[in-house]
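I have placed the structure first, in the form of C-alpha cells, so that the comments after it can refer back to it.
Just so you know, ligand 1 is whichever comes first in the structure, and atom 1 is the first atom listed for that ligand.
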Amino acid sequence: MKKQALVIGLGFAGSVVSRILADSGYDVIALEKRAHIAGNMFEYERSNGVRVHLYGPHIFHTNNEAVFSFLNRFSGFYPYSHRVIGKIDNQLVPIPFNFTSIDRLFSKDIATVYKTKLSKAFDLESRVTISDLFDTQDPDIRDLANFVLQKVFVNYSAKQWGVPFDQLDSTVTSRVPVVIGEDDRYFSDKIQMMPLLGFTDLFERLLNHPNIAVNLNSESNRRIRLHPDSGKVLLDGIPFSGPVCYTGPIDELFDYSLGALPYRTTEFVFEDYDVNCLQCTPVINYPNEEKYTRISEFKHITLQEVPDKTTILKEYPMPYHYGSNMIPLYPIQNPDNKRKYEDYLRLGKSYSDLFFCGRLAEYKYYNMDAVVARAMQVADDILSTPKYD
Ligand SMILES: Cc1cc2nc3c(=O)[nH]c(=O)nc-3n(C[C@H](O)[C@H](O)[C@H](O)COP(=O)(O)OP(=O)(O)OC[C@H]3O[C@@H](n4cnc5c(N)ncnc54)[C@H](O)[C@@H]3O)c2cc1C
C-alpha cells in the first residue's frame, strides 16, 4: 500500500509540507477551502494587465539560505529591495526612520545634533528599536525617540491593532526599527528577491507533482472529523492512517470549544487608474490622520511594464469576526491568547497523527521565509517518525 498524507490549507505551510512528502513517496490529499492555491501570497492579473497581491503586498526577504535554495527549485527570482515612504507632518520620509527622515523633518542644526549623537551611541548602519533609543538616557536622543514614537508608531499601531501602543506585545513593537544611517531599504536581510513570474506561479510549480491531489473549495470540516475516543482523524468518516498536517485555524478545528482566538483583519480596496504611475513608489505608509494604513502601487513591486495603467491598494485594518467571510490575518499576541492557544495545542496532542504548522494553526505571525523553514521542519518531523516508515 502506498503511504498517504493529508494536508489542510495550501498557503506556504501546507504547500511546502505537501511537496516534501510527495517527493518522499507519499500520496498527498490536499484540501484548500479557497478557490485558489497560494494562501495569502496569491497574486493575479487584473483586467488592466497589472499583477497584484490579493491579500496585501508580500515581499520576500530572508537570511535563511536553505529556504531560498528550496524555493529556487520552483521559480527564478529577481532582486528587489523594498522601500517604504511615510507621510509625517506632510512630508514624505523614508520608513524605517533614518538620517534622511531626520534631515527632512528637522532644522539643519537640530538634525546635526540628532545624527551626531546617534552615530556616537550606536554602530553606523545598525538598526535599533525605539526602546534602545530611550535606554541611552541622552535627552536629545530621547526627544527624538519620543517624536518617532508619536509620529510613526502610536497612531499607526492604534489603527493596525485597535489598541494603544503600550498594550502591544514586544514581538510587534520590535518589528519596525530606526536606522542609524542612510540605508532606506525596508528590510536588512541578505536575500531580498521576488519570484520572477509571481507567487502564484511559484505555488503552481511547488504543487505540480503527480503525488499531490489538490482539492480547491474544500473546507476541511466538510471532510474531516476528530474522533477523541480513538485519537484518530477521520477522513470522510474513515480513520486516516497517515500523517495529517493542519494549517488552518486551530480553534476552528476544535469547534471553538475553548473560545475563539482573536485576530485583526484588513479590508483591501483596489483602485485602477489610466496613468503610468500614481504615487510612483511601492508603498506609502499613512501613520496618522488617514483611516487606511498604507497605499501600495504594485507595478513598482512586480516591476511590470504596463504603459498608462496602474493599480493601487488601500488597506483598512479592522477587528476580525469569526463565522463571517472575513479572513483572519494577524493573531493578537498577548498572554491570555497565548494561554488559550496552548490549551488548544494540548487538545491536539491527543491525536498522534496530527501536526500543526503555520500562521493559523500555531497562532503566530510568521514571515514567509519563517513559515517555509517551519514547514520544512514539520515535514522532516513527519518523515523521521518511525511509525510512518
Ligand atoms: C497583509 C499581510 C502582508 C504580509 N506581508 C508579508 C511580507 O511582505 N513578507 C513576508 O515574509 N510575510 C508577509 N506576510 C506573512 C505571510 O502572509 C505569512 O507568512 C503566510 O501567509 C503564512 O503562510 P501559511 O501557510 O501559514 O498561512 P496562509 O497563507 O494563510 O495559508 C493558510 C491556508 O489555509 C487555508 N485554510 C484555512 N482553514 C482551512 C480549512 N478549514 N480547510 C481548508 N483550508 C483552510 C486558507 O484558505 C489558506 O489558503 C504578510 C501577511 C499579511 C497578513
Relative to Tyr55, does Arg34 satisfy both conditions: NZ or CZ under 6.0 angstrom from the six-membered ring centre, and within 45 degrees of the ring's axis?
yes

Give the numbers and elements of all ligand 1 atoms closer than 4.0 Å to a heavy atom of Met368.
9 (N), 10 (C), 11 (O), 12 (N), 19 (O)

If we number the atoms of ligand 1 from 1 as shown, the ones under 4.0 Å from a heavy atom of Ile8 are 40 (C), 42 (N), 43 (C)

Starting from atom 17 (O) of ligand 1, locate the nearest protein heavy atom and write down its residue, its atom name and how far away it is, to 0.1 Å.
His58 NE2, 2.7 Å

Atoms in ligand 1 flagged as close to Gly248, the criterion being non-hydrogen separation under 4.0 Å
37 (C), 38 (N)

Check for me whether the distance between the ring centres of Phe68 and Phe77 falls short of 6.0 Å.
yes

Measure Ser218 to ligand 1 on non-hydrogen atoms and call it side chain, backbone, both or neither using the 4.0 Å cut-off.
backbone

Could you list which atoms of ligand 1 come closer than 4.0 Å to a heavy atom of Leu31?
43 (C), 44 (N)

Near Gly11, which atoms of ligand 1 are under 4.0 Å from a heavy atom of that residue?
25 (O), 29 (O), 31 (O), 33 (C)

Record the part of Ala38 in heavy-atom contact with ligand 1 below 4.0 Å; permitted values are side chain, backbone, both and neither.
neither

Looking at ligand 1, would Phe60 count as a contact under a 4.0 Å heavy-atom criterion?
no

Kindly state whether the ring of Tyr320 and the ring of Tyr330 have centres lying under 6.0 angstrom apart.
no

Under a heavy-atom criterion of less than 4.0 Å, does Met41 contact ligand 1?
yes

Are Phe12 and Phe203 close enough that their ring centers fall under 6.0 Å?
yes

Can you check whether Tyr388 and Tyr26 have ring centres sitting under 6.0 Å from each other?
no

With a cut-off of 4.0 Å, which atoms of ligand 1 are near a heavy atom of Glu252?
41 (N)

Side chains of Asp132 and Thr129, donor plus acceptor under 3.5 Å:
yes

Residue pair Thr311 / Asn48, side-chain donor-acceptor N/O under 3.5 Å
yes

Against ligand 1, does Phe42 come closer than 4.0 Å with any heavy atom?
no

